[in-house]
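Step one of this worksheet: look at the structure below.
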2 protein chains.
Amino acid sequence: MSVAIENFVKAIYNNDIQDHHDTKPGNIAKKLGISNAAATDMAKKLASKNLLQYEKYQALQLTEEGTKMALNVVRKHRLWEALLFKMFDMSLHEIHREAELLEHETSDFLANKISEYLGNPKFDPHGDPIPNADGEITTEDTSIALSQSAEGKAYIISRLMSDDKEFFDFCAQNGLKYGNTITIAKQFHKNKMTQISINNNTILLNEDFTNIIYVNEI
Amino acid sequence: MSVAIENFVKAIYNNDIQDHHDTKPGNIAKKLGISNAAATDMAKKLASKNLLQYEKYQALQLTEEGTKMALNVVRKHRLWEALLFKMFDMSLHEIHREAELLEHETSDFLANKISEYLGNPKFDPHGDPIPNADGEITTEDTSIALSQSAEGKAYIISRLMSDDKEFFDFCAQNGLKYGNTITIAKQFHKNKMTQISINNNTILLNEDFTNIIYVNEI
DNA sequence: ATTAAAATTTAAGTCTGCTTAAAAAAACAT
DNA sequence: ATGTTTTTTTAAGCAGACTTAAATTTTAAT
């Protein structure tokens with residue numbers, strides 16, 4: 001299927017499931033930067049391909065097949081984000097921009113390789129769930145803010161919720177990366193400080209940081 | 001520029017520089033799997049864009065601008081091959097297949113990140129040179145077969161010249177990967193065997209292997 | 001040098017994914 | 001509830017990247 005089609009079903013999926021916006025052609029058109037007429041055209045075409053249900057003036061609804069396609073593209077997008085984020089010094093904004101292109105040119109084979117390499121992660125660096133190869137999603141997010149972590153326990157970093165370049169630079173310099181393991185050396189509740197241990201280094205973080213760094217128990 | 005255009009200039013570049021075949025539309029058409037008519041059309045179009053010189057019934061010649069575009073695509077292709085080969089257990093055939101798609105959706109920014117991550121390699125896993133960001137190529141290949149290596153010296157693996165799945169599996173299991181460092185423990189010239197040291201492990205290789213594993217002096 | 005074969009170019013047409021403009025329907029405000 | 005605004009749909013058309021078929025030119029053989 002073409003890039004245009006993949007982006008169309010993905011836009012419906014995101015608008016519907018994630019953003020809870022309505023999925024009439026106009027909304028999808030706005031999201032994709034195309035005219036309403038083009039969106040209506042495409043909707044009819046995809047209906048004939050059994051990817052969605054189309055009725056005049058009604059919201060578009062993905063069929064099971066259409067949802068599967070959307071999840072496949074979303075999977076690739078989020079796997080790329082996870083991989084690029086882990087390997088390179090790139091911001092959430094940058095990894096998103098690149099993943100938006102790469103997602104359409106990635107075979108299922110390569111997607112599985114990436115997933116395997118990353119240890120089949122269930123969430124991407126934004127904290128969004130990564131569908132597995134069968135399109136199944138883990139909906140409940142079990143990660144917690146670092147400020148809620150327990151002394152002595154080990155965690156895997158699951159989110160760095162920011163778009164601030166300086167924050168990312170700091171994290172990169174100190175090994176605070178998606179997928180890395182850290183241990184909570186000490187929680188100073190009164191001071192709202194957290195002492196963590198990573199790669200035999202000790203870092204003392206204040207609440208500004210521990211509230212936007214999310215982790216999962218191992 | 002479109003994927004079709006990128007592939008067209010790349011095909012001319014490869015046909016010309018690499019394969020030393022003639023670059024008339026028919027040859028390019030054959031390489032790209034399109035009709036001769038389509039290739040002629042495209043040639044005229046690209047001439048008007050100053051990417052190549054077109055004269056009826058003559059071979060196509062890339063302009064400086066066209067060559068630059070071709071080198072940019074080739075760079076991305078070979079960087080992807082190097083990255084995928086290093087990270088995942090994939091054959092030369094598989095990395096080529098994936099790179100063929102990814103090369104067109106890779107920003108210069110990302111290409112530079114990949115290059116940097118790999119230590120700005122000058123050759124890909126096939127042994128083909130990787131153009132730098134300015135389109136400059138290292139033409140002389142300084143790599144030698146492992147069978148020609150000198151006892152006691154350290155080398156970086158630069159090529160694994162095979163398409164055999166079993167060979168690749170063996171290499172993967174023993175850390176024999178593009179970019180990895182090995183030391184020559186002993187050369188048994190009579191026996192045509194080479195003992196190498198890698199990651200504190202010792203491996204004894206026969207000529208079948210040392211003739212298709214290429215290395216560079218550090 | 002003439003002719004047959006092969007390659008290239010021209011011409012006409014298709015399919016995809018858009019566009020703008022106008023018509024029709026739905027949503028909204030008073 | 002009615003008229004106005006917004007949205008959706010229809011219609012017509014365009015650019016990119018192809019196709020096949022026919023015409024032209026080049027290449028190669030004798």
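Chain naming here is simple, since letters A, B, ... match the order of the sequence lines and numbering starts at 1 in each. The analysis underlying the following values was restricted to heavy atoms, covering all of them including side chains, and did not include hydrogens, waters or symmetry mates.
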Subject >> Atom-pair distance (CG on A:N7; P on C:dT16), nearest Å >> reply: 18 Å
Original post:
Just how far, in rounded Å, is C1' of C:dT9 from CE of B:M42?
Top reply: 16 Å
Original post:
To the nearest angstrom, how far is A:I5 atom CD1 from C:dC18 atom C1'?
Top reply: 13 Å
Original post:
Under 3.5 Å, is there a donor-acceptor pair between the A:E217 and A:T142 side chains?
Top reply: no
Subject >> Crowding at NZ, B:K113 (>12 non-hydrogen neighbours, <6.0 Å) >> reply: yes
**OP:** Under the side-chain contact (heavy atoms from CB on, under 4.5 Å) rule, what do A:L46 and A:Y54 come out as? Steps first, then yes or no, please.
**Re:** CA-CA 9 Å; A:L46 298 197; A:Y54 172 67; over 6 Å; no
Original post:
Does NZ in B:K68 sit with more than 12 non-hydrogen atoms of other residues, nucleotides or ligands closer than 6.0 Å?
Top reply: no
**OP:** Check the distance between D:dG16's P and B:L46's CG and give it to me in whole angstrom.
**Re:** 12 Å
Subject >> ring pair (Phe, Tyr, Trp, His ring centres under 6.0 Å) contacts in which one or both residues fall within residues 59-83 of chain A, not counting sequence neighbours >> reply: A:H77-A:H96, A:W80-B:W80
Subject >> Whole-Å distance separating the CD1 atom of A:I28 from the P atom of C:dC18 >> reply: 14 Å
**OP:** Would you mind reading off the distance between B:N27 atom CG and C:dT8 atom C1', rounded to a whole angstrom?
**Re:** 12 Å
Original post:
With a non-hydrogen cut-off below 4.0 angstrom, is A:F8 in contact with a base, only sugar-phosphate, or nothing?
Top reply: nothing
Between the protein and nucleotides 3-5 of chain D, list the N/O to N/O atom pairs that are separated by less than 3.5 angstrom.
none

Subject >> A:P25 side-chain proximity, nearest of C:dC18, C:dT10, D:dT9 >> reply: D:dT9
Just the atom pairs and distances: protein N or O near nucleotides 19-26 of chain D's N or O, under 3.5 Å.
| unit_1 | atom_1 | unit_2 | atom_2 | d |
| --- | --- | --- | --- | --- |
| D:dT19 | OP2 | B:S35 | N | 2.7 |
| D:dT19 | OP2 | B:S35 | OG | 2.7 |
| D:dT25 | O4' | B:Y57 | OH | 3.2 |

Subject >> Polar contact flag, side-chain donor to acceptor under 3.5 angstrom, B:S107-A:E98 >> reply: yes
**OP:** Provide, to the nearest angstrom, the distance between the NZ atom belonging to B:K44 and the C1' atom belonging to C:dT10.
**Re:** 7 Å
Subject >> With B:D124, the side-chain contact (heavy atoms from CB on, under 4.5 Å) member among B:E81, B:R75, B:R159 >> reply: B:E81
Original post:
Does B:K24 offer a backbone N or O that forms a donor-acceptor pair with the side chain of B:D22 under 3.5 Å?
Top reply: yes
Subject >> Option from A:R97, A:K76, A:R78, A:K10 for which salt bridge (Lys or Arg N to Asp or Glu O under 4.0 Å) with A:E103 holds >> reply: A:K10
